[in-house]
Amino acid sequence: MTAGAMTEIRSVDFRSVGQLSHLTFPAFARAFSEAPRQGSQLRLHRLAAFERDNPIGLALATMDAQSGHAELRSLVVDRPHRRMGTARALLQEMETRLRDDGGKLVSTLFSDQLPGAAGFAALLADAGWSGPKPERIRILGRVGKTGDVFRDRERLVQRALRDGLTIVSWRDHDGDPRSLILREIEAGRAPDWTQIGLMADTVDPDFSMILTDGTGEVVGWVICQFHAEVRRWGFPVGWIHEEHQKRGWLLVAYAQGAHFIESRHGPDAVAVFESSSGLPMMWRVLEHRFAPHADRADLMMISKKSL
Ligand SMILES: CC(C)(COP(=O)(O)OP(=O)(O)OC[C@H]1O[C@@H](n2cnc3c(N)ncnc32)[C@H](O)[C@@H]1OP(=O)(O)O)[C@@H](O)C(=O)NCCC(=O)NCCS
């Protein structure tokens, strides 16, 4: 079926997003209601579907003007109006607008636990996007339970410290961890995804860490963000240089992170650990070691389309 003759797709501006917030998630409603920032290379696209001026669907996307990489952040159609082609029409129009704005590639990330995940995947396939595949794994649990995950924590930590691992929080680091990380990525010593969330003002300097080896060389880092609205500590990035992956150093850093959060905020503080498909070893550890003790575990699926 195609979107009804009464359905109109229109671009909406940031001031209207507040009235459409029932058609997206709170974090996106907030981010897309902000006035455009002068000189920002991230452009925001908002499209709504209306039936007789009544909003029934909303699509939100961002576009990095420099790389031409666009991301579909949210696509929702009001329940009574589903299966009438509205999402298909919104998606098609969004792709056209992104292409006209210089977009080369569009991707989307969504949780496999999202109630509408199967329907969304079917919609993407219908619109010619690549089949969704696992991109990130997320494990959510109370830090007090990490004792169950790391029964051998003390032994692991002691061995890593003997092997020369040093873990320094960003707060205690005597340089500027953000510039240091960007320099490492620039020099090709670390992959690009290791800067996810680096610039966010939610970064928690007490639980974000820089890892060095016995010679003082930087071999990895952990980025920790505090999300005040849900009182959660997220670990979107934990990365360690390939040659140290087998030594379990990253696991030790996570164990220490959880331990520090527990000492400061108690055993019920909630942490979210993540790994990307670029770190298969860490992925397996989270899947096999953490997930059985987690309150929630999900996979972030990625789907893409060339514009
Ligand atoms: C996913 C969603 C946006 C689809 O909206 P919609 O307007 O109902 O989708 P359309 O009618 O345009 O569907 C177009 C095609 O996509 C596929 N599709 C859409 N929903 C589907 C479902 N629930 N099950 C199977 N296929 C589905 C079908 O191929 C459909 O064509 P058809 O109806 O001719 O078979 C809607 O179900 C929704 O808002 N879900 C909740 C929010 C969500 O999960 N959003 C995605 C992540 S942000």
Side-chain angles (χ1 to χ4, degrees), residues 1-12 14 16-34 42-64 69-98 103 105-138 140 196 227 229-230 234 236 272 274 296-305 307:
M1 223 194 269
T2 53
M6 305 305 288
T7 308
E8 197 193 338
I9 308 286
R10 290 203 297 263
S11 151
V12 287
F14 67 94
S16 316
V17 174
Q19 292 129 43
L20 304 170
S21 58
H22 60 292
L23 293 170
T24 187
F25 304 94
F28 293 126
R30 255 195 318 277
F32 281 79
S33 358
E34 281 174 21
L42 200 68
R43 293 207 279 259
L44 273 55
H45 290 261
R46 312 164 188 83
L47 281 180
F50 294 89
E51 209 176 71
R52 294 187 198 88
D53 279 339
N54 175 34
I56 59 165
L58 181 66
L60 301 171
T62 53
M63 235 280 290
D64 182 310
H69 185 175
E71 278 187 69
L72 176 69
R73 302 292 184 151
S74 167
L75 175 59
V76 174
V77 170
D78 209 3
R79 203 174 285 278
H81 301 274
R82 288 184 188 164
R83 293 313 282 269
M84 289 187 270
T86 305
R88 183 192 283 128
L90 274 168
L91 193 55
Q92 206 169 35
E93 184 61 22
M94 184 61 92
E95 289 172 19
T96 304
R97 302 227 175 181
L98 293 170
L105 176 86
V106 59
S107 65
T108 190
L109 262 186
F110 61 99
S111 164
D112 68 339
Q113 300 296 307
L114 193 74
F120 186 50
L123 166 72
L124 293 170
D126 174 79
W129 290 52
S130 66
K133 59 176 207 234
E135 169 75 2
R136 300 180 69 76
I137 183 169
R138 288 194 304 195
L140 180 147
I196 292 175
H227 302 291
E229 70 281 16
V230 281
V272 186
E274 295 189 30
R296 216 160 68 216
D298 67 350
L299 296 177
M300 295 301 285
M301 310 298 289
I302 191 164
S303 178
K304 302 176 188 175
K305 184 176 181 179
L307 289 169

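Just so we're clear, the structure is a prediction, and the values are computed from it rather than from any experiment. All ligand and atom numbering here is 1-based and tracks the order in the structure. Atom set for the values below is all heavy atoms of this structure, side chains included, hydrogens, waters and symmetry mates excluded. Numbering of residues begins at 1 and proceeds along the displayed sequence.
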By number and element, which atoms of ligand 1 are closer than 4.0 Å to a non-hydrogen atom of G119?
18 (N), 19 (C), 20 (N), 21 (C), 22 (C), 23 (N), 24 (N), 27 (C)
Close side-chain approach of D78 to T86, heavy-atom, < 4.5 Å
no
For ligand 1, find out whether one of its N or O atoms is nearer than 3.5 Å to an N or O atom of M84.
yes
Do A122 and ligand 1 have an N or O pair less than 3.5 Å apart?
no
Nearest 0.5 Å, please: how far is CE in M63 from CG in L42?
9.0 Å
Do NZ/NE/NH1/NH2 and the carboxylate oxygens of D112 and R138 come within less than 4.0 Å?
no
Treating T62 as the side-chain partner and L44 as the backbone partner, does any N or O pair qualify as donor plus acceptor under 3.5 Å?
no
Taking atom NZ as the centre, does K304 end up with more than 12 heavy-atom neighbours from other residues, nucleotides or ligands that are less than 6.0 angstrom away?
no
Between A87 and ligand 1, is there a nitrogen or oxygen pair with a distance under 3.5 Å?
yes
Ligand 1 and R83, any nitrogen or oxygen pair closer than 3.5 angstrom?
yes
A117 N/O under 3.5 Å from ligand 1 N/O
no
Could you list the atoms of ligand 1 found under 4.0 angstrom from a heavy atom of G85?
10 (P), 11 (O), 12 (O)
Hey, is R97 close enough to E93 for a salt bridge, meaning N to O under 4.0 Å?
yes
Is there at least one pair of N or O atoms, one from V76 and one from ligand 1, spaced under 3.5 Å apart?
no
Close N or O approach (R88, ligand 1; < 3.5 Å):
yes
Pairwise side-chain contact, F110 with L124, heavy-atom cut-off 4.5 Å (strictly under):
yes
May I ask you to identify, for L114, whether its side chain, its backbone, both or neither come under 4.0 Å of ligand 1 on a heavy-atom basis?
side chain
